[in-house]
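One structure below.
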Amino acid sequence: MITQKYRSLVPIVPAHDVQQTRQDVERLRWLAAESFYQTIWSDARMVTSYQEREVDADYVRDAIRSEGRQPTEVESALGHKIDECVWWEFSAVGKVDSNLMNYLTAEGEWRNQETLRWLAAEREWNALYG
């Protein structure tokens with residue numbers, strides 16, 4: 001697979017203080033971006049696009065249903081109604097870094113050739129002196 005899509009819907013339960021809610025959103029955005037980039041890089045891919053957006057409760061309900069779940073299940077797990085939360089959707093596309101793959105392939109081939117040369121030299125030595 002050359003490209004892979006990554007997506008996450010994340011709720012924030014609003015704080016009583018508007019400033020605290022803003023700080024929570026900013027922290028969430030930073031953590032989500034960091035998480036997506038680290039995950040994609042650990043999959044030996046490079047990030048080709050990254051998006052984040054606030055989504056409404058109807059969008060969240062539709063997304064939950066599209067995954068074969070019921071919104072009430074999510075509400076029960078959250079301990080809050082979907083409407084009570086601020087929802088953010090994070091998505092990214094990761095593409096295989098072809099330069100890295102070419103390098104790793106060449107490195108593996110070189111190591112295999114070196115191993116074969118070493119084994120041949122060891123066999124020759126064993127035949128002469130073994």
**OP:** Could you walk me through whether V10 and F90 pass the side-chain contact (heavy atoms from CB on, under 4.5 Å) test, one step at a time?
**Re:** CA-CA 8 Å; V10 182; F90 301 93; 4.0 Å; yes

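- Placement of M46 and Y50 in two distinct hydrophobic clusters is found when ILVMFWY residues are connected by side-chain heavy-atom separations under 4.5 Å, directly or transitively.
- Within the 4.5 Å cutoff, the side chain of P11 has heavy atoms near those of the L78 side chain.
- Taking a 4.5 Å side-chain heavy-atom cut-off between Ile, Leu, Val, Met, Phe, Trp and Tyr, the cluster of V18 contains only that residue.
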**OP:** Go through the steps to decide whether V74 and V60 satisfy the test side-chain contact (heavy atoms from CB on, under 4.5 Å), and finish with yes or no.
**Re:** CA-CA 10 Å; V74 173; V60 172; 6.0 Å; no

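- Within 6.0 Å of CZ on R53 lie more than 12 heavy atoms contributed by other residues, nucleotides or ligands.
- Under the salt bridge (Lys or Arg N to Asp or Glu O under 4.0 Å) criterion, the residue pairs touching residues 29-41 are E26-R29, R29-E52, with sequence neighbours excluded.
- With sequence neighbours left out, Y59 forms a ring-ring contact (aromatic ring centres under 6.0 Å, His included) with no residue at all.
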Which side-chain N or O atoms in residues 92-100 pair as donor and acceptor under 3.5 Å with protein atoms at least two apart or in another chain?
unit_1	atom_1	unit_2	atom_2	d
D97	OD1	N99	N	3.2
D97	OD1	L100	N	3.3

Show every donor-acceptor pair shorter than 3.5 Å between a side-chain atom in residues 120-130 and any protein atom, with sequence neighbours excluded, or say none if there are none.
unit_1	atom_1	unit_2	atom_2	d
N126	ND2	E122	O	3.4

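- A side-chain donor-acceptor contact under 3.5 Å links T39 to the backbone of S35.
- Side-chain atoms of W110 never come within 3.5 Å of backbone atoms of T105 as a donor-acceptor pair (strictly under, hydrogens ignored).
- Annotation: the span from S76 atom OG to Q70 atom CD amounts to 12.5 Å, rounded to 0.5 Å.
- Here the shortest heavy-atom pairing between C85 and P14 reads CA-CD, 4.0 Å.
- Every pair passing salt bridge (Lys or Arg N to Asp or Glu O under 4.0 Å) that includes a residue from residues 7-25 is listed here, sequence neighbours excluded: R7-E67, R7-E89, D24-R27.
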**OP:** Quick one: do W88 and V55 satisfy side-chain contact (heavy atoms from CB on, under 4.5 Å)? Show the steps, please.
**Re:** CA-CA 6 Å; W88 280 78; V55 294; over 6 Å; no

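- In plain terms, the two heavy atoms of P71 and I64 that are nearest each other are N-CG2, 3.8 Å.
- Aromatic ring orientation, F36 versus Y6: perpendicular (interplanar angle above 60°, classes split at 30° and 60°).
- Ion pairing between a basic and an acidic side chain is recognised when a charged N comes within 4.0 Å of a carboxylate O; E114 and R117 show such pairing.
- Looking at E75 and H80, their side chains never come closer than 4.5 Å, going by heavy atoms from C-beta outward.
- The minimum heavy-atom distance linking R61 with D83 is given by the pair NH2-OD1, 2.6 Å.
- Once rounded to the nearest 0.5 Å, the distance linking CD1 of I12 with OG1 of T21 reads 8.0 Å.
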